[in-house]
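Here is the structure we will look at, set down as structure tokens.
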Amino acid sequence: MHIAIAGNIGSGKTTLTNLLSKHFDWQIHHEEVENNPYLNDFYGDMKRWAFNLEVFFLNNRFKQVLDIKANEKDVIQDRTIYEGALIFAANLHSMGSLSTRDFENYKSLFDLMTSFVTPPDLLIYLKASVPTLVKQIKQRGREYESDIEESYLNNLNQRYEEWIGNYKQGNLLVLEADELDLLNEGDFNGIVEKVNDKLAVNS
């Protein structure tokens, strides 16, 4: 079984991934952030490093999905392969930080890779407003994220809303992150109930 967590920067994906993994004894596939060789450079000069960053993420997520497909264990994934193309690369292209030539090259790679991919059995979307995102980004204190503009987060949110609003690839659970404290036992238990309900539909 493949469960995936989707959401904007600072929405709480990694925290929720860790908590659900521990509760259900699911194997984790984290997004490659700490060992990403392009992330610091990207936030300093998006136009120069956008293509490099997005191809790195695409390659990493594709490897994860192939591993998940070959693995008989239940797996939870922190961010999906779809978000790179539909959210982040598309947004960088619209901002002018990713040229049309590079975006089309990236998109052709994405289309080829996803032809070998099946969607997750359950997609959990953490929906968070920009103030919540900004607050949680500041709390985790990553230096390279300190200058992220609210307009950038807002543009990503709009793309997430469009993608999730039209998502037909499988089972979907939307969680209102503004109303949740993931570390609160009651809130987390409520999430577990919703996840169980969704998974029961698939069983």
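When reading the values below, keep in mind they use all heavy atoms of this one structure, side chains included, and skip hydrogens, waters and symmetry mates.
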First locate atom [atom1] of [X], then atom [atom2] of [Y], and finally report the distance between them rounded to the nearest 0.5 Å.
| X | Y | atom1 | atom2 | result |
| --- | --- | --- | --- | --- |
| H2 | Q64 | NE2 | CD | 8.0 Å |
| L92 | N155 | CG | CG | 10.5 Å |
| L133 | D178 | CG | CG | 8.0 Å |
| N189 | K194 | CG | NZ | 12.5 Å |
| I191 | N184 | CD1 | CG | 9.5 Å |
| Q77 | T80 | CD | OG1 | 6.5 Å |

Donor-acceptor contact below 3.5 Å, side chain [X] vs main chain [Y]:
| X | Y | answer |
| --- | --- | --- |
| N52 | Y38 | no |
| E176 | A128 | no |
| T17 | K13 | yes |
| Y106 | A85 | yes |
| N171 | K198 | yes |
| N91 | L156 | no |
| R48 | F42 | no |
| K107 | A90 | no |

Does any part of the side chain of [Y], heavy atoms only, come nearer than 4.5 Å to the side chain of [X], both counted from C-beta?
| X | Y | value |
| --- | --- | --- |
| R61 | F110 | no |
| D121 | L199 | no |
| L20 | W26 | yes |
| Y152 | N157 | no |
| N166 | E162 | yes |
| N18 | I28 | yes |
| M1 | I3 | yes |
| I87 | Y82 | no |

Pair D67 + K63, salt bridge at N-O below 4.0 Å: no
Atom CD of Q139 with >12 non-hydrogen neighbours under 6.0 angstrom: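 Buried by this count: over 12 neighbours within 6.0 Å.
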Same hydrophobic cluster for [X] and [Y], using side-chain heavy-atom links shorter than 4.5 Å among ILVMFWY?
| X | Y | answer |
| --- | --- | --- |
| I68 | F62 | no |
| V65 | V75 | no |
| L153 | L39 | yes |
| L112 | I81 | yes |

Give the minimum heavy-atom separation between [X] and [Y], together with the two atoms involved.
| X | Y | result |
| --- | --- | --- |
| D181 | D187 | N-OD2, 2.8 Å |
| G10 | I137 | CA-CG1, 3.9 Å |
| K127 | V174 | CB-CG1, 4.3 Å |
| S21 | I76 | CB-CG2, 3.9 Å |

Within 45° cone of F103 ring axis and under 6.0 Å: R101 NZ or CZ: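 Output no; distance or angle outside limits.
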E54/L58 under side chain to side chain contact (heavy atoms under 4.5 Å, CB included): CA gap, chis, key distance, verdict: CA-CA 6 Å; E54 292 303 329; L58 179 63; over 6 Å; no
I124, T118, L123 screened by side chain to side chain contact (heavy atoms under 4.5 Å, CB included) with P120, the one that passes: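 Exactly one option meets the side chain to side chain contact (heavy atoms under 4.5 Å, CB included) with P120, and it is L123.
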Evaluation steps, side chain to side chain donor-acceptor pair (under 3.5 Å), between H93 and D102: CA-CA 9 Å; H93 179 236; D102 285 347; over 6 Å; no
Ring pair (Phe, Tyr, Trp, His ring centres under 6.0 Å) evaluation trace for Y125 with Y160: CA-CA 9 Å; Y125 171 53; Y160 267 108; 5.6 Å; yes
ring-ring contact (aromatic ring centres under 6.0 Å, His included) involving F188 - partner list, sequence neighbours excluded: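 By the ring-ring contact (aromatic ring centres under 6.0 Å, His included) rule, F188 matches H23.
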Stepwise side chain to side chain donor-acceptor pair (under 3.5 Å) check, Q27 with N71: CA-CA 10 Å; Q27 187 180 84; N71 197 332; 2.8 Å; yes
Residues S94 and R159: side-chain donor-acceptor under 3.5 angstrom: yes
Pair H29, D78: side-chain N/O donor-acceptor within cut-off below 3.5 Å: no
